[in-house]
Enquirer: 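Dropping the structure in here first, questions after.
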Amino acid sequence: MASTTATSPLSDRVLTMEESATLRMAQLGREVMAQGHDVISLSLGEPDFDTPDHIKEAAKRALDAGHTKYTPVPGTAELRKAISDKFKRENNLDYAPSQIVVSTGAKQSIANVCFAMLNEGDEVVILAPFWVSYSAMVEVAGGKAVIVGAGIEEDYKVTPEAIAEAITDRTKFILFSSPCNPTGSVYTADELAAISKMLADYPNVYVVSDEIYEHINFTGEHASIGTFPEVKDRTITVNGFSKGFAMTGWRLGYLGAPQVIADACNKLQGQNTSGANSIAQHAGAHALNSDLGPTIAMKEAFARRRELIIDGLEKIDGMKVNRPQGAFYIFPDVSAFFGMSDGETTINDADDLAAYLLVKAHVATVTGGAFGAPDCLRISYAASEEQLRQAVDRIAAALKELN
Ligand SMILES: Cc1ncc(COP(=O)(O)O)c(C=O)c1O
């Protein structure tokens, strides 16, 4: 007799994979909005600016010139050269065009690295708080995510000693973003130098440095760990166009890597998706070879909004507020509200608080739990100053009702 036990058609890998909390929160926000509420969405990692006109014009020219065919898998020669030049000019990183792989977003670049480098059970040390997709990508590729965290007192920056303690003989690479999503923290050149020095003792451990928020940095200096001699030949630098050029929908990212790793990413991508969108690649090369004026103007707008949101949140009793140096997120510690209630809803954790703020204040944020920091809340300030003012007022009013 046939078994009556229902079996899932899905793989264990997908069944155990976490859904993206940021996308889930955006969906919940849309649902509350569909009920007729005016929701201010501070949950997504997306600049609210439009792509600069000169980049759009370059895309139109590419279309008119008939650049509508498959491109080489790792990207057009023109774009790979522009990226190699950009790495040298802006970051002092040495990656030849052959070491560059262009992908459909930096997300695919990181996924490529995970599939190219990880065997079953290999470990990846992820510096926390971390971007939600890192652990999911490591795990779906068969790796094990080893999370090493730092709290608000350390400005959410992990020390070389803590990283060293997490390294084992199964560690394949360390993975982090600076400027960081979700905290906005920026590792200084000195801090990166110290991590590199520590890694001199672990010659088999690679570094995956996600620098996608490079241009949204309020310190005036972006440092790349791949410039330090101890890790220069074993650093994979990931970057992309989504944040600095407001090009999220164009889906264009890239990495520079040791040749053998770049070749493996090329091979993988050749079987999975082929080259990235050809029009976007033409526009991307133009963006890299052009003046960064519009990018700098966006950064300045983010800097003004950061002041506004810090000022507003700092006035709320119980909010422990960090002072992010980059990206467009603020990551307050909200644990003081745990255990409180408005008489109807009890706040047990940051998940509850994010849900409460959505339902009560109609402001969408994301629980820090999704980023390996269950005491915190991620608030994106990629919204207009007027929206931010309103959001802060609404959050303050809703939190006042908690006792
Ligand atoms: C830290 C970090 N890395 C990578 C990405 C992915 O960017 P892309 O749009 O290029 O796939 C994001 C997007 O939110 C991010 O926050």
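Nothing here was measured: the structure is a model prediction, and the numbers come from that model. Read the numbers this way: they start at 1 and go in the same order the structure lists the ligands and their atoms.
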Enquirer: Got a donor-acceptor contact below 3.5 angstrom from the Glu191 side chain to the Thr188 backbone?
Expert: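 Here the side-chain-to-backbone pair exists.
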Enquirer: List the atom pairs, with distances to 0.1 Å, where a side-chain N or O of residues 334-346 and a protein N or O form a donor-acceptor pair under 3.5 Å, not counting sequence neighbours.
Expert:
from	atom 1	to	atom 2	distance (Å)
Ser335	OG	Asp333	OD1	2.7
Ser341	OG	Gly343	N	2.8
Ser341	OG	Thr345	O	3.2
Asp342	OD1	Glu344	N	2.9
Asp342	OD1	Thr345	N	2.7
Asp342	OD2	Lys360	NZ	3.0

Enquirer: Salt bridge check: are Arg323 and Glu307 linked by an N-O gap of less than 4.0 Å?
Expert: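 Yes, charged N to carboxylate O under 4.0 Å.
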Enquirer: At less than 3.5 Å, what protein N or O atoms come close to the N or O atoms of ligand 1? Include the distances to 0.1 Å.
Expert:
from	atom 1	to	atom 2	distance (Å)
ligand 1	3 (N)	Asp210	OD2	2.6
ligand 1	9 (O)	Ser242	OG	2.7
ligand 1	9 (O)	Arg251	NH1	2.8
ligand 1	10 (O)	Ala106	N	2.7
ligand 1	10 (O)	Ser242	OG	3.4
ligand 1	11 (O)	Ala106	N	3.2
ligand 1	11 (O)	Lys107	N	3.0
ligand 1	11 (O)	Arg251	NH2	2.8
ligand 1	14 (O)	Lys243	NZ	2.7
ligand 1	16 (O)	Asn181	ND2	2.7
ligand 1	16 (O)	Tyr213	OH	2.8

Enquirer: Do Asp94 and Lys232 sit within salt-bridge range, that is, some charged N less than 4.0 Å from a carboxylate O?
Expert: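 Salt bridge present between Asp94 and Lys232.
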Enquirer: Measure the spacing between CD1 of Ile309 and CZ of Arg304 and express it to the nearest 0.5 Å.
Expert: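 Ile309 atom CD1 to Arg304 atom CZ measures 15.0 Å (nearest 0.5 Å).
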Enquirer: Quick one, Asp85 with Lys81, criterion salt bridge (charged side-chain N to carboxylate O under 4.0 Å, His left out). Give me CA distance, side-chain angles, the key distance, then yes/no.
Expert: CA-CA 6 Å; Asp85 291 349; Lys81 163 95 172 54; 2.7 Å; yes
